Amino acid sequence: MSKIDLQGLSPEERRQLLEQLQREEKQNRQDRREAYEALRGEFMHDVFVKVEQVTSDVTGFKEWIDGESESFKKVMAEYGQTRFEDQGSYTIVDGDLKLEIRSNKVKTFDERADMAAERLIDYLKEYMKQSEKGADDPIYQLAMTLLERNKQGKLDYKSISKLYELENKFDAEYAEIMTLFKESNVVQGTALNYYFSKRDKDGVWRRLEPSFCRL
């Protein structure tokens, strides 16, 4: 681009030049924005195509291994002529491969927990009004946080259990609400966790972790 002699331009020509430069800058910004948004759209599309496929594969694998492990457990029971089918946790080793299956009881609450949660929210709101710190009261914030539900809309067993530890911070009404929570506690079912290991060349078992957190 040739150098422009601004001194030789009339005021009108300078105005026109300024407007032209502003239009070009605006167009450049628009071009950069459109390029960015196009790249963003392409990137997000590629990511979610893959993550949806991985999610589908993992879901299928979980369903497959649940069925296969249950079938193999029956084979083990028949082979050993034992009541092995009643056993929840066990380990299978074949050469350099090891599969550990761990069974855990899943605890949850019945409908009484919903009643207790409603009572506790009302109780905490009154507590907040009487507190000098109001909604900034750390005990109020902690209790409300522990009442948050998961993505299935269920109360978290571990979080509710932590509410029991706050009984000495409140009065008899709070303790009564905690009793209702405790009475609503039930064992919902069994959760199976699978752990995969492979022995390395030094004979050391190395865990195979199909998880972002372990990579």
Side-chain angles (χ1 to χ4, degrees), residues 24-77 84-111 113-114 117 121 141-163 185-215:
E24 290 177 355
E25 176 61 22
K26 183 177 180 181
Q27 185 60 49
N28 287 336
R29 286 199 302 268
Q30 180 65 25
D31 291 343
R32 289 196 300 271
R33 175 182 175 181
E34 291 177 357
Y36 166 77
E37 291 179 350
L39 288 172
R40 181 184 64 187
E42 181 179 353
F43 168 69
M44 292 296 285
H45 175 268
D46 291 346
V47 167
F48 277 84
V49 165
K50 292 184 179 297
V51 78
E52 286 173 356
Q53 181 60 53
V54 169
T55 301
S56 177
D57 291 344
V58 171
T59 299
F61 174 67
K62 178 63 166 59
E63 294 173 351
W64 177 83
I65 197 170
D66 282 346
E68 291 295 311
S69 61
E70 184 64 24
S71 297
F72 190 72
K73 187 166 69 170
K74 293 178 181 179
V75 172
M76 288 190 290
F84 194 84
E85 290 181 55
D86 296 337
Q87 184 174 337
S89 300
Y90 53 96
T91 299
I92 303 170
V93 178
D94 181 51
D96 293 334
L97 306 176
K98 179 167 67 175
L99 170 62
E100 299 170 77
I101 300 177
R102 295 291 174 262
S103 174
N104 299 303
K105 295 296 182 181
V106 180
K107 295 182 178 181
T108 186
F109 301 95
D110 62 23
E111 71 286 348
D114 293 327
I121 289 173
Q141 292 182 344
L142 174 60
M144 291 297 288
T145 299
L146 294 175
L147 278 170
E148 291 180 357
R149 297 173 182 266
N150 60 26
K151 60 183 179 181
Q152 287 81 32
K154 302 293 185 181
L155 293 166
D156 181 73
Y157 173 77
K158 291 183 179 179
S159 294
I160 297 301
S161 297
K162 291 179 181 178
L163 285 171
N185 180 227
V186 295
V187 175
Q188 185 182 41
T190 302
L192 291 177
N193 293 309
Y194 300 91
Y195 303 97
F196 312 92
S197 300
K198 189 173 183 178
R199 206 192 317 260
D200 65 16
K201 61 182 181 180
D202 297 320
V204 179
W205 289 106
R206 301 294 182 185
R207 183 73 60 84
L208 302 179
E209 299 280 5
S211 167
F212 275 164
C213 299
R214 302 295 184 181
L215 296 178

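Excluded from the calculations below are hydrogen atoms, water molecules and symmetry mates; all remaining heavy atoms, backbone and side chain alike, are included. Note that the coordinates shown come from a computational prediction; the quantities given were computed from them, not determined experimentally. The residues of the chain are indexed from 1 along the displayed sequence.
Scanning all heavy atoms of the two residues, the minimum distance from Ser103 to Ser89 falls at N-OG, 2.8 Å. Nearest heavy-atom pair, Ser69 versus Asp66, reported as atom, atom and distance to 0.1 Å: OG-O, 3.1 Å.
Residue Gln30 forms a side chain to side chain donor-acceptor pair (under 3.5 Å) with just one option from Arg32, Glu34, Gln27, and that option is Glu34.
Summarising the geometry, atom CD1 belonging to Ile160 is positioned 5.0 Å from atom CG belonging to Leu147; distances are rounded to the nearest 0.5 Å. Going from atom CZ of Arg102 over to atom OH of Tyr90 covers 10.0 Å, rounded to the nearest 0.5 Å. Leu99 CG to Glu68 CD: the interatomic distance, rounded to the nearest 0.5 Å, is 11.5 Å. Summarising the geometry, atom OG1 belonging to Thr59 is positioned 15.0 Å from atom CH2 belonging to Trp64; distances are rounded to the nearest 0.5 Å. The OG atom of Ser197 sits 11.5 Å away from atom CG of Asp96, with the distance rounded to the nearest 0.5 Å. The line from CG of Leu142 to OG of Ser159 is 9.5 Å long, rounded to the nearest 0.5 Å.
Taking 4.0 Å as the cut-off between side-chain N and carboxylate O, Asp156 and Lys162 do not count as a salt-bridged pair.
In this structure, Pro210 and Phe61 have side chains that are not in contact, with every pair of non-hydrogen atoms separated by 4.5 Å or more. At least one side-chain heavy atom of Tyr157 sits less than 4.5 Å from a side-chain heavy atom of Asn185.
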Output, in order, the C-alpha distance, side-chain angles, deciding distance and verdict of side chain to side chain contact (heavy atoms under 4.5 Å, CB included) for Trp205 and Val93.
CA-CA 11 Å; Trp205 289 106; Val93 178; 4.1 Å; yes

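Open room surrounds CG on Asp94; 12 or fewer heavy atoms of other groups in view lie less than 6.0 Å from it. Within 6.0 Å of NZ in Lys62 there are more than 12 heavy atoms belonging to other residues, nucleotides or ligands.
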Scan the side chains in residues 35-54 for donor-acceptor partners under 3.5 Å anywhere in the protein, sequence neighbours excluded, and list what turns up.
| from | atom 1 | to | atom 2 | distance (Å) |
| --- | --- | --- | --- | --- |
| Glu37 | OE2 | Arg33 | NE | 3.1 |
| Gln53 | NE2 | Asp57 | OD1 | 2.8 |
| Gln53 | NE2 | Asp57 | OD2 | 3.4 |

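Using a distance-only test at 3.5 Å, with no hydrogens or angles considered, no donor-acceptor pair links the side chain of Arg207 to the main chain of Tyr195.
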